[in-house]
Amino acid sequence: MTNDDANPFAPPKTVAQQHALADTRVIVTSWERLRLWYNGILLVPGLLILIIVGIDGETYIGMAAGAIFVAVGANLAYLLGPLAELYYCGALSRPPAPRLRLVLFILGIAFSLVVFAAMILPALFVFSLPDQP
């Protein structure tokens, strides 16, 4: 038997274990709802980058591969937010922190937008240069 609930000989869960599981569930589901907003907000600069790169004559396969690479990287970086809140709550034995979650989310969006800007600005600079003879 792998499920402790089905095992009649398993020790009962303590109140602290039940609360910890409920708190973890709240943190994870809250961050997963915010992930939809994160991806929606970053979709706009992502499409802008694809349009700018598309003007340069990049192949569609290269553009799609780059977009997938950036999307996976952004979502991996997104995991730092829930991880930070889980460590905060677990290490300090605190309940879920909605204010901390909001601050981490806003900082993560700001950082991601700075990364996108760092990718867009060089491309804009290249397109603004006059043609060389």
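Separating the CD1 atom in I109 from the CG atom in L42 is a distance of 5.0 Å, to the nearest 0.5 Å. Here the straight-line distance linking atom OH of Y88 with atom CD1 of I27 works out to 10.5 Å at 0.5 Å rounding. The distance from the CD1 atom of I41 to the CG atom of L36 is 11.0 Å, given to the nearest 0.5 Å. The distance from the CG atom of L34 to the CH2 atom of W37 is 10.0 Å, given to the nearest 0.5 Å.
Sorted by first then second residue, the salt bridge (Lys or Arg N to Asp or Glu O under 4.0 Å) pairs that include residues 67-89, not counting sequence neighbours, are E85-R101. Within the structure, no pair that satisfies the salt bridge (Lys or Arg N to Asp or Glu O under 4.0 Å) test touches residues 60-83, not counting sequence neighbours. Sorted by first and then second residue, the salt bridge (Lys or Arg N to Asp or Glu O under 4.0 Å) pairs with a member in residues 60-78 form an empty list; sequence neighbours excluded.
Residues P95 and C89 come closest through the heavy atom pair O-SG, 3.3 Å.
Judged as a salt bridge (charged side-chain N to carboxylate O under 4.0 Å, His left out), and not counting sequence neighbours, R94 has no contacts. The ring-ring contact (aromatic ring centres under 6.0 Å, His included) search around F105 returns none, not counting sequence neighbours. With sequence neighbours excluded, the residues forming a side-chain contact (heavy atoms from CB on, under 4.5 Å) with R33 are T29, S30, listed by chain and number. Remark: I68 engages V72 in a side-chain contact (heavy atoms from CB on, under 4.5 Å) (not counting sequence neighbours). For N39, the side-chain hydrogen bond (donor to acceptor under 3.5 Å, both in side chains) partners at least two apart in sequence or on another chain are N75. Qualifying side-chain hydrogen bond (donor to acceptor under 3.5 Å, both in side chains) partners for Y38, counting only residues two or more places apart in sequence or in other chains: S112.
Grouped with L83 in one hydrophobic cluster are Y87, the linkage being side-chain heavy-atom contacts under 4.5 Å among Ile, Leu, Val, Met, Phe, Trp and Tyr residues. Cluster partners of L102, by chain and number: I106. The rule joins Ile, Leu, Val, Met, Phe, Trp and Tyr whenever side-chain heavy atoms lie under 4.5 Å apart. Here L107 sits in one hydrophobic cluster together with V103; the rule is ILVMFWY side chains under 4.5 Å apart, joined directly or through other members.
There is no path of hydrophobic side-chain contacts, each under 4.5 Å, that joins V70 to L80.
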